[in-house]
Amino acid sequence: MDYAEYRRFDAVGLAELVSRGEVAPRELLETAIERAEQVNGRLNAIVRPMFDIARERAAQPLSGVLAGVPFLLKDLHQDYAGVRTGAGSRSTRGTTAARHSATVERWLDAGLVIFGRTSTPEFGAKGITEPEASGPTRNPWHTGHTPGGSSGGAAAAVAAGIVPVAGASDGGGSIRIPAACCGLFGLKPGRGLVPAGPDHAEHMHGGATDGVLSRTVRDTAVMLDVLTARPDPGGPYLAARPDTSYAECARREPGRLRIGFTCRSPLGFAVSPHAVAAVKDTAALLSGLGHDVEEAEPAIDGRQLSRDFLAVWFAQAAHAVDGARRTLGAAVDDFELDTRLIAAAGREMRATEYVATLDRWNGYNRALADFHDRYDLLLTPTLAHPPARIGELDTPPLLRRAIALLLKAGLAGKVARTKPVDGVVLKNLEKVPFTQLANITGRPAMSVPTYRTPAGLPLGVQFVGGLGAEPTLLALAAQIEAETPWSHLEPPL
């Protein structure tokens, strides 16, 4: 199979070819590897090839709904036994996973052929993918720009045609942000739906979850069926499932939906005219499809929500850094300067402050539930601005020197919690202020690639649903996809 033919099919389509005997898994794998070797030097999407492991697997009898389809894992949490999980950090070098993670086991059960791991920022902590350990990953639509993060490598690989779908995860927008940057579909499942085992019951109080990035809605729907094929015996609760498969949900009409939309940044910063146009164009499309659409937003203090998101994120960073130092013997200099700063801030938080933060998380749940009493879905930009240029969000050299001195003096954590720094921290969310709400509340949310800037950069819109709204989101996404298809679009690599 040549690349042009391979690129015509999504994962479901490739699996159908394999099941009919029209192509062998090894042929698909070699096409995927050849494509990776052609473009990865320009994109830096795959940071850990697993070609030999994949070739051995492709030569064996495979079964499952996606048997024989080439696939890539995100290099964060998605452990493959005997292979290093780098997490975008120098601190993890020399370590290998002792066993598969639950998500990887389910992908293998589906018959996927895993042949590599994709780039992520250190510990998945940024909305861009420019780790010092392996260098920046680039957007296939314009290599001078970011593919987003933290699933930036996965997004770049799918957009570039290396694979039709790839493993991803989302703790603050890390599926939806790269989906928007790269013109892909990205669904963050709701809290507790996808297993986090075997080492965890959930990640970040359920605010983070695994999932995929894909070119078609049906691939994501089938993948959600794969990931939720059976309950997680080690999970904190049993999440509700629909009465049929998610794949079937994506084939159903969504019905007439009530959709509230806003283009206003919850942080009060300016929003790009392109992001505004993306939402308003989509709102007009939805109205034309018979949905009830009007301006509305939840009654939530967006600045406080962002602070409460970052407080938990900083504490998680401190835990990750301290854990790597304790269990892996990592040195201080094995971590990026920004990571060391936010970890220092996380260590300064008192237990009572942390509990108070989680109490406010619960309040955001109630406020969003009130919104969903009136509207089925919330529509916002996914990004407040088009994808950033590579290096645009680097910490300035003067500030880096100041941070290094503060860290050396043991003062960085205290300084990071002052009001002047608070403003700088919130400013760092200026480009991605819309996605964290769904993580804090554990609600499902998706980014749909409905818009492109005049320069050709993708820019998606986000829909946030209520509890258990995955079927509604998938049905609506499929309806939009039918009206304004995008999977055939290919970057000029």
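Counting from 1, the numbers follow the sequence of the chain as shown. Just the heavy atoms: all of them, side chains too, but no hydrogens, waters or symmetry mates, feed the values below.
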Peer 1: Closest heavy-atom contact between Ala156 and Pro147?
Peer 2: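 Closest approach of Ala156 to Pro147, heavy atoms only: CB-CB, 4.3 Å.
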
Peer 1: Could you tell me if the side chain of Leu184 sits less than 4.5 Å from the side chain of Arg215, heavy atoms only?
Peer 2: yes

Peer 1: So does Gly172 get a backbone contact from the side chain of Thr435, meaning a donor-acceptor N/O pair under 3.5 Å?
Peer 2: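 Looks like yes, one N/O pair under 3.5 Å.
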
Peer 1: Minimum heavy-atom separation for Val217 and Trp486, please, with both atom names.
Peer 2: CG2-CZ2, 3.9 Å

Peer 1: Between Gln78 and Ser101, does the side chain to side chain donor-acceptor pair (under 3.5 Å) criterion hold? Intermediate values first, please.
Peer 2: CA-CA 6 Å; Gln78 295 171 6; Ser101 68; over 6 Å; no

Peer 1: For the residue pair Ile390 and Glu130, what are the closest heavy atoms and their distance?
Peer 2: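 Minimum heavy-atom separation between Ile390 and Glu130: CA-OE2, 3.7 Å.
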
Peer 1: Are Phe261 and Val461 side-chain neighbours, meaning at least one heavy-atom pair lies under 4.5 Å?
Peer 2: no

Peer 1: Which value, rounded to the nearest 0.5 Å, describes the distance between Ile46 atom CD1 and Asn40 atom CG?
Peer 2: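 Between atom CD1 of Ile46 and atom CG of Asn40 there are 5.0 Å.
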
Peer 1: So, are Asp301 and Arg360 salt-bridged, with charged N and O less than 4.0 Å apart?
Peer 2: no

Peer 1: Which value, rounded to the nearest 0.5 Å, describes the distance between Arg117 atom CZ and Thr85 atom OG1?
Peer 2: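 Spacing of CZ (Arg117) from OG1 (Thr85) equals 4.0 Å.
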
Peer 1: Nearest 0.5 Å please: distance from the OH atom of Tyr364 over to the CG atom of Asp308.
Peer 2: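 Here the rounded value is 3.5 Å.
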
Peer 1: Quick one: does Phe115's side chain get under 4.5 Å of Leu72's, heavy atoms only?
Peer 2: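 Heavy-atom side-chain distance check passes, below 4.5 Å.
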
Peer 1: Take Glu37 and Phe51 through the side chain to side chain contact (heavy atoms under 4.5 Å, CB included) test and state the conclusion after the steps.
Peer 2: CA-CA 11 Å; Glu37 290 176 336; Phe51 297 168; 3.9 Å; yes

Peer 1: To the closest 0.5 Å, what do you measure between CG (Asn439) and CZ (Arg191)?
Peer 2: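 Rounded to the nearest 0.5 Å, the CG-CZ separation comes to 9.0 Å.
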
Peer 1: Report yes or no: does His372 contribute a side-chain atom to a donor-acceptor pair with the main-chain N or O of Val464 at less than 3.5 Å?
Peer 2: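 Judged by distance alone, yes, a pair lies under 3.5 Å.
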
Peer 1: Can you give each donor-acceptor pair under 3.5 Å made by side-chain atoms of residues 329-336, sequence neighbours left out, with the distance rounded to 0.1 Å?
Peer 2:
unit_1, atom_1, unit_2, atom_2, d
Asp334, OD1, Arg93, NH1, 3.2
Asp334, OD1, Arg93, NH2, 3.0
Asp334, OD2, Ala331, N, 2.8
Glu336, OE2, Glu132, N, 2.9

Peer 1: Got a donor-acceptor contact below 3.5 angstrom from the Asp170 side chain to the Ile175 backbone?
Peer 2: yes

Peer 1: In residues 393-413, what donor-acceptor pairs under 3.5 Å come from side-chain atoms, sequence neighbours left out?
Peer 2:
unit_1, atom_1, unit_2, atom_2, d
Thr395, OG1, Asp338, OD1, 2.9
Thr395, OG1, Asp338, OD2, 3.0

Peer 1: Sub-3.5 Å donor-acceptor pair from the side chain of Arg176 to the main-chain atoms of Gly460, do we have one?
Peer 2: no

Peer 1: Any side-chain heavy atom of Trp141 sitting closer than 4.5 Å to one from Pro458?
Peer 2: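 They are in contact (side-chain heavy atoms under 4.5 Å apart), so the answer is yes.
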
Peer 1: Would you compute the distance between atom CG of Leu267 and atom CZ of Arg303 and round it to the nearest 0.5 angstrom?
Peer 2: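 Between Leu267 CG and Arg303 CZ, I get 6.0 Å after rounding to 0.5 Å.
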
Peer 1: Would you sort out whether Arg106 and Asp210 count as a salt bridge (Lys or Arg N to Asp or Glu O under 4.0 Å), showing the intermediate values?
Peer 2: CA-CA 12 Å; Arg106 295 185 185 201; Asp210 285 309; over 6 Å; no

Peer 1: From Arg84 CZ over to Met50 CE, what is the distance, rounded to the nearest 0.5 angstrom?
Peer 2: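 Those atoms lie 13.5 Å apart.
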
Peer 1: Looking at every heavy atom in both Thr282 and Ala278, which two are closest together, and how far apart are they?
Peer 2: OG1-O, 2.8 Å

Peer 1: Determine, stepwise, if the pair Phe185 / Val448 fulfils side chain to side chain contact (heavy atoms under 4.5 Å, CB included).
Peer 2: CA-CA 5 Å; Phe185 179 65; Val448 185; 4.1 Å; yes

Peer 1: Test your reading of the model: is there a side-chain donor-acceptor pair from Asp75 to the backbone of Gly86, 3.5 Å cut-off?
Peer 2: yes

Peer 1: Determine the minimum heavy-atom distance between Glu430 and Ala384, stating which atoms define it.
Peer 2: O-CB, 3.4 Å

Peer 1: Is the closest basic N to carboxylate O distance between Asp199 and Arg99 below 4.0 Å?
Peer 2: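 A salt bridge links Asp199 with Arg99.
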
Peer 1: Does the Ser151 side chain pair with the main chain of Ser169, one donor and one acceptor, at a distance under 3.5 Å?
Peer 2: yes

Peer 1: Determine yes or no for a side-chain-to-main-chain donor-acceptor pair under 3.5 angstrom, with His274 supplying the side chain and Thr453 the backbone.
Peer 2: no

Peer 1: Are any side-chain N or O atoms of Lys126 and backbone N or O atoms of Thr120, one a donor and one an acceptor, separated by less than 3.5 Å?
Peer 2: no

Peer 1: Do Tyr237 and Glu202 make a side-chain contact, defined as non-hydrogen atoms from C-beta onward lying under 4.5 Å apart?
Peer 2: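 Counting from C-beta outward, Tyr237 and Glu202 do come under 4.5 Å.
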
Peer 1: Assess the pair Phe123 and His203: is the distance between their ring centroids shorter than 6.0 Å?
Peer 2: no

Peer 1: Side-chain donor-acceptor pair under 3.5 Å between Ser119 and Thr129, yes or no?
Peer 2: no

Peer 1: Could you give me the CA-CA distance, side-chain angles and deciding distance for Tyr246 and Arg241, then say whether side chain to side chain contact (heavy atoms under 4.5 Å, CB included) is met?
Peer 2: CA-CA 9 Å; Tyr246 289 110; Arg241 291 283 309 277; 3.3 Å; yes

Peer 1: Are Lys74 and Ser174 close enough that some pair of their side-chain heavy atoms sits under 4.5 Å apart?
Peer 2: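 In short, these two side chains touch, coming nearer than 4.5 Å.
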
Peer 1: Report yes if the side chains of Ile53 and Ile114 come closer than 4.5 Å at any heavy-atom pair, otherwise no.
Peer 2: no

Peer 1: Are a donor atom and an acceptor atom from the side chains of Thr382 and Ser447 found within less than 3.5 Å of each other?
Peer 2: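 Checked: Thr382/Ser447 side chains pair up, N/O donor to acceptor below 3.5 Å.
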
Peer 1: If we only count heavy atoms from C-beta on, is the Leu224 to Leu193 side-chain gap below 4.5 Å?
Peer 2: yes

Peer 1: Minimum heavy-atom separation for Leu112 to Arg57, with atom names?
Peer 2: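 Taking every non-hydrogen atom into account, O-NE, 2.7 Å.
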
Peer 1: Side chain to side chain contact (heavy atoms under 4.5 Å, CB included) between Leu383 and Phe434: does it pass, once the steps are laid out?
Peer 2: CA-CA 7 Å; Leu383 310 172; Phe434 298 101; over 6 Å; no

